[in-house]
*Asks:* 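Quick one: this structure, given as structure tokens, is what I'll be asking you about.
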Amino acid sequence: MNTVELKNTSRHYQSGSLVVKAVDQVDLHLKKGDFAVLAGPSGSGKSTLLNLIGGLDRPTDGEVYIDNELLNDKSDEQLSRERLEKIGFIFQAYNLIPVLTAYENVQFIMQIRGIPEKEHREKIMPLLKELGLEGLEDRKPPELSGGQQQRVAVARAIVLEPAIILADEPTANLDSETAVNLLQIMKQLNEEKNVTFLFSSHDPMVIEIAERVISMRDGKITRDERK
Amino acid sequence: MIILRIAYRNLWRNKRRTQLTMIAMVFACSLLVFSLGYYDGILWNLINNATEKENGHITIARPGYVDAPSINSNFLPEAFFDEIGKEPINNIKGYCSRVTTFALLSSGPESKSQTQPSEIMGIDPVAESKLSKLADCVVEGSFIKGNEREIVLGRGLARRLKAKPGDEIILVSNGADGSIASEILILAGIIDTGEELRDSSLAIMNIREVQQLFVLGENVHSLRIFLEDPLSAKEVAKRLQKRTKSFEVTPWHSIFPQISSVLGIWFGMQLFTMAIYYAALAMITFNTMYMAFLERMHEFGVMRAIGLSRLKLSLLILFESFIIAGISGLIGITIGTAANYLLYYHPIDLSHWFDNLSWGGSFIKIQLFCVPGWSTTMMPFLAILVLGILVAAFPAFRLLRLKPVEALREA
Amino acid sequence: MYKFLLAFFIVVTSTTGAAEPSQVQAVSSLTQELSAKELVTKIETQYQGKTSHGRTKMLIKTRHWQRTLEMESWSEGRDKFLTRILAPSKERGTCTLKVDDNIWNYLPRIDRMIKIPSSLMGESWMGSHLTNDDLVKENKIDQLYKLAIIASSTERITIEGIPLPQAAVVWGKIIYVVDPQKLIPIYIDYFDEEGVKVRTINFSEPALIDQRWIPKVMRIIPLEKPEEFTEMQYIEIEFDVSLSDGLFSLKSLRNR
């Protein structure tokens, strides 16, 4: 069973008289438990592809399935729900709501999901501990380092146990040590909890850790190899 | 609710901006509450200078008496109080009993005496001194003190009778039973009510003596009720009228229609003032709100991406604005009301610098006098909440249509 | 409220003059030829002796009260008249003096005299339905109105009176109905300036006194308050009596 399935998926933009083929006729399958990286230079279509999978953007052609559900037909509100329930997002930076503490940022997603309040703590605290954030739960994002912030973002992405976590250049703003550290945590979660990860990067060190490397250029997948 | 918590915390993110916005709101709101209180102060002044002098805020009399007074249209005050029952009515300061009738007054030596018709008003000097401002209108001599056979004359009447304080005044009339009433009175003082026509016929006596002279027993012609808040006269009159059938309850509005007609204009003026204040305020706050909104596009994009619905996101920005408006409004009305209370109890007299204005059978005393009021407080408060929602309406609308991908691209 | 009782006296005294019964016959046969003015003047003056002295009861009924006054009165010609209240005792001694167009009241309780100013002539006299004006003007119908006979029979002659331009009269028109046989008024209707009838005075119970017919009762009905009236009734009347000098003077008011 495929967690993610793209069938001949394209995302073209009209820019003046020019058609920009951000994603062009891509076929892609991700299985449960995949730890995959989208590699390629900037502008190769990595972000657009992630957005299409995450239901943040709509394909101009082709089909996108998450857990065998076609996203194309869904309304904005349904997509919103879909993201909440099935997808975890980690962005390059500024992932967190600045006015909420680390704990609250994770809790936020549980609250909008409507999970009873009493379940929050027992779920969040072990997770934060596991991510090495023990004792930092009451700090607000500006009081956390870049790596800590990204780990909180990981905690938030993972806490509802989504089908897949999409991470758009999660290490781009981190120094290499912190970046590797974050990747290792993600890898650990992948191994221990069988969480599916798809992240984009052009950092060779990050690409090194991935089990599956999907290379992109000019909107097309040029190579897809498992280590 | 998490949205509310975020909204509230967001206020303190850019403290300076929030503070400036709030200062503008507090300033506008408190100044508005104060202005409306001041308007009401002028209105009270106008109404009370007309009503508290003599008429009172509510007149209780037998049906038809107010339009066509007759000496025989009298009643025992107890009859009225029995009828309205024991249940107290708020806002009433007290009442004055009055007897009104007509008599011929003359003065001077018999051979060349002056005779004038007059309206005799019997008053209870103790009640009047507490409630009405009649005694303040005395310009010569003194008011009724409760001595025997005292009479106070309107200035014009005294002039026509060529009488001065201490002079004898002869009264001739017919009592309630038709019998001839006559008495020799002593002119105690001369009164100037500010209305020439009235002063040319008004004569005031102790109610006890009028009752005796005109064979009225303990009966009176009217009870004049004085209220804390003259603007509530209509409503209090309505409540009283519900409890009695054999008496007519007339608020001052019917007796001073010209002043009553100002009420409508006044309310319109207050709304207009509010509109001006808040229009200016809206322009300032919209600007800062919108700036804050634009700066946070990326954040909104993240929230939408992790699954927050459009509606909740719009609510977030509405709440933020609503909370700012609410807090500022509360502070604003507190300051404004405090100022109003201060000037209610300690008005500042400005009549040294400005002349009083005469209008519609009354006059406006030039003074800094404010009246704190429920509606003049709540109206600015509710309006500022509405304003809070309105200035956030456009950003909220934009959030409804926000494309997360585009928002995320904003750094 | 200050209503007064003089009018009735004047009307009554003026319509009850001195004449021989034989003359009555003669006069009444003449009335056909008399003009309206001559007829009214006859009625107004013929029955007025040189002087008169009488006692009268005045009943005043209003919506709120009813009272009866008993009065003694004297008159000399058309222009002098004095009345004094005998009962009730509270008002005993209250006098009204009319000389020409002036009226004084004397109030014994306070021992003071009040002259009624011209501006108050329309006020009530002694609480009755008569005004001070009535006392002054009522016996001058022939001088104040332009009179015309508008209906005539042997029992009654109807005369219409329109105020003369120079006459300061409050009425717009009067209808004066007289009995040409007895030479007495039957009733007088008063109209305001809009032509609305506002007052009626009815004369009744004619009696032959001193060889002249006199209506013993006169009732004034204000038509805006039809349940109210003032009724005056002779108890006794005598004509051409000798009156003391200075009777119609302010001094005599106080001394009585």
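As a basis for the values below, the full set of heavy atoms in this structure was taken, side chains included, without hydrogen atoms, waters or symmetry mates. Labels below follow one simple rule: chain letters A, B, ... track the order of the sequence lines, proteins then strands, and each chain is numbered from 1.
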*Asks:* Which distance, rounded to the nearest 0.5 Å, do you find between the CG of Asn102(C) and the CG of Asn132(C)?
*Replies:* 11.5 Å
*Asks:* Using non-hydrogen atoms only, which part of Arg67(C) is less than 4.5 Å away from chain B: side chain, backbone, both, or neither?
*Replies:* side chain
*Asks:* What part of Ile60(C) lies closer than 4.5 angstrom to a heavy atom of chain B: side chain, backbone, both or neither?
*Replies:* neither
*Asks:* Would you indicate whether Glu196(B), at its atom CD, is surrounded by more than 12 heavy atoms from other residues, nucleotides or ligands within a distance under 6.0 Å?
*Replies:* no
*Asks:* What part of Ser106(B) lies closer than 4.5 angstrom to a heavy atom of chain C: side chain, backbone, both or neither?
*Replies:*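 Side chain only.
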*Asks:* Keeping the roles fixed (side chain from Arg149(B), backbone from Ile184(B)), state whether a donor-acceptor pair exists under 3.5 Å.
*Replies:* yes
*Asks:* Flag the pair Phe247(B) / Tyr65(B) as yes when their ring centroid distance falls below 6.0 Å, and as no otherwise.
*Replies:*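 Ring centroids of Phe247(B) and Tyr65(B) are no less than 6.0 Å from each other.
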*Asks:* Side chain from CB out, backbone as N, CA, C, O: work out which of these in Glu183(B) comes under 4.5 Å of a heavy atom of chain C, or both, or neither.
*Replies:*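 Contact with chain C is through both the backbone and side chain of Glu183(B).
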*Asks:* What part of Lys115(C) is in contact with chain B, defined as an atom under 4.5 angstrom from a non-hydrogen atom: side chain, backbone, both or neither?
*Replies:* backbone
*Asks:* Got a salt bridge between Asp192(B) and Arg155(B), using NZ or NE/NH1/NH2 to carboxylate O under 4.0 Å?
*Replies:*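 Arg155(B) and Asp192(B): salt-bridged.
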*Asks:* What part of Ala176(B) is in contact with chain C, defined as an atom under 4.5 angstrom from a non-hydrogen atom: side chain, backbone, both or neither?
*Replies:*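 Interface part for Ala176(B): backbone (N, CA, C, O).
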